[in-house]
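One structure is given below, encoded as structure tokens.
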Amino acid sequence: MKKNFSFGTNEIIIPQQFYLQNSISLAKKLLGKILVRNLPNGKQYFIITETEAYFGEKDKACHCRKGKTPRTEVMYKQGGTIYVYLIYGMYWMLNIVSGKKNHPEAVLIRGIQKINVENNKISLGKLYDGPGKTGKILQINKKDFNGKNIYDTSTNLYIIDTPFEIEMSIKRTPRIGINYAGKPWTEKLWRFIAEINI
DNA sequence: CCAGTGATCAGG
DNA sequence: CTGATCACTGGA
């Protein structure tokens with residue numbers, strides 16, 4: 001399915017205020033939004049297909065369960081701040097801090113799908129299903145992104161409103177890779193997966 | 001199933 | 001300083 005469309009002036013950056021909501025509703029609302037990555041060889045567009053919410057110090061799955069440390073410090077900033085960390089020595093995880101200042105919540109971006117743009121026609125491309133694959137294709141690293149703002153274009157990574165009609169169905173599951181957290185945190189349905197058609 | 005790979009943090 | 005652990009992935 002292809003649709004006539006050109007990004008161009010249709011880039012409406014989602015304002016910082018959007019990120020002040022709690023991480024669970026933000027995780028849901030980020031689905032279907034467009035992640036823009038501006039690289040030397042051109043802008044690339046991805047639609048967000050999978051997210052996971054982490055909900056502050058009381059959430060035993062959240063990095064902030066141990067309070068403020070050098071790593072988790074950025075999660076205490078206001079919503080819209082980018083939180084990046086390396087896992088298993090290989091994979092850069094991209095998170096968006098949510099909520100007000102000193103509410104250490106975040107949304108992990110776990111999956112994105114490429115939007116192909118060709119002669120003003122758009123179509124869905126390759127799916128990157130997993131946070132490691134997502135960080136790799138977006139060329140995420142800590143130095144360039146950790147502590148920066150996702151609503152600021154100067155990092156060449158930002159999120160815009162979905163500028164065309166989409167069909168989307170959403171599923172929820174428990175979060176992945178957090179068995180150390182124990183109940184009830186392992187059972188919370190805080191992973192959101194979207195199936196998208198354009 | 002399991003190895004790879006290095007930041008992070010608690011404990012001496 | 002040491003050692004265990006880890007919000008993962010790809011290949012037997």
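Just so we're on the same page: letters track the sequence lines, and every chain starts at 1. These numbers were taken from a predicted model, which means no experiment stands behind them.
Rounded to an integer number of Å, the gap from A/Leu86 CG to C/dC6 C1' is 10 Å. Atoms CG (A/Asn95) and P (C/dC8) sit 11 Å apart, rounded to a whole Å. A straight line from CZ of A/Phe55 to P of C/dA7 spans 19 Å, rounded to a whole angstrom. Summarising the geometry, the separation between CZ on A/Arg110 and P on C/dT9 is reported as 7 Å, rounded to the nearest angstrom. To the nearest angstrom, C1' of B/dA10 lies 12 Å from CZ of A/Arg65. Rounded to whole angstrom, the span from the CG atom of A/Asp129 across to the C1' atom of C/dG10 amounts to 12 Å. As rounded to whole Å, 10 Å separates atom P of C/dT9 from atom CD1 of A/Ile87. Between the C1' atom of B/dG6 and the CG atom of A/Asn141 lies a distance of 15 Å, rounded to the nearest Å.
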Just do the salt bridge (Lys or Arg N to Asp or Glu O under 4.0 Å) check on A/Lys133 and A/Asp129 with the steps written out, would you?
-> CA-CA 7 Å; A/Lys133 297 174 202 175; A/Asp129 55 339; 2.9 Å; yes

ring-ring contact (aromatic ring centres under 6.0 Å, His included) between A/His63 and A/Tyr85: does it pass, once the steps are laid out?
-> CA-CA 11 Å; A/His63 289 162; A/Tyr85 66 93; 4.6 Å; yes

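Nearest nucleotide to the side chain of A/Lys133, out of C/dC8, C/dG10, C/dA7: C/dG10. In the set B/dG4, B/dC9, C/dA7, the nucleotide with an atom closest to the side chain of A/Met90 is B/dG4. The A/Lys142 side chain lies nearest to B/dT8 when the options are B/dT8, C/dA7, C/dT9. Taking only side-chain atoms of A/Thr69, from C-beta outward, the nucleotide of C/dT9, B/dC9, C/dA7 with the closest atom is B/dC9. Checked against C/dA7, B/dA10, C/dC8, the side chain of A/Tyr83 finds its nearest nucleotide in C/dA7.
Under a 4.0 Å N-O distance rule, the pair A/Glu187/A/Arg175 does not qualify as a salt bridge. Between A/Arg110 and A/Glu52 there is a salt bridge, since a side-chain N of the basic residue sits under 4.0 Å from a carboxylate O of the acidic one.
Between the side chains of A/Tyr45 and A/Gln113, no donor N or O sits under 3.5 Å from an acceptor N or O. Donor-acceptor pairing under 3.5 Å is recorded for the side chains of A/Thr173 and A/Arg191.
At the heavy-atom level, A/Ile176 lies under 4.0 Å from the strands shown only through sugar-phosphate atoms. Within the nucleic acid shown, A/Gly132 comes within 4.0 Å of sugar-phosphate atoms alone, with no base atom in reach, counting heavy atoms only. If you check every strand for non-hydrogen atoms under 4.0 Å, A/Arg175 touches nothing.
Using Watson-Crick or G-U wobble geometry with both donor-acceptor distances under 3.5 Å, B/dT5 finds no partner in any strand shown. With both pairing distances under 3.5 Å, C/dA7 is matched to nothing as a Watson-Crick or G-U wobble pair.
Both geometric conditions, a ring-centre gap below 5.5 Å and a plane tilt below 30°, are fulfilled for A/Tyr54 over the base of C/dA7.
Place A/Ala61 and A/Lys136 on DNA chain C by their nearest nucleotides, and A/Ala61 ends up nearer the 5' end.
Note on A/Tyr180: a side-chain N or O is less than 4.0 Å away from OP1 or OP2 of C/dA7.
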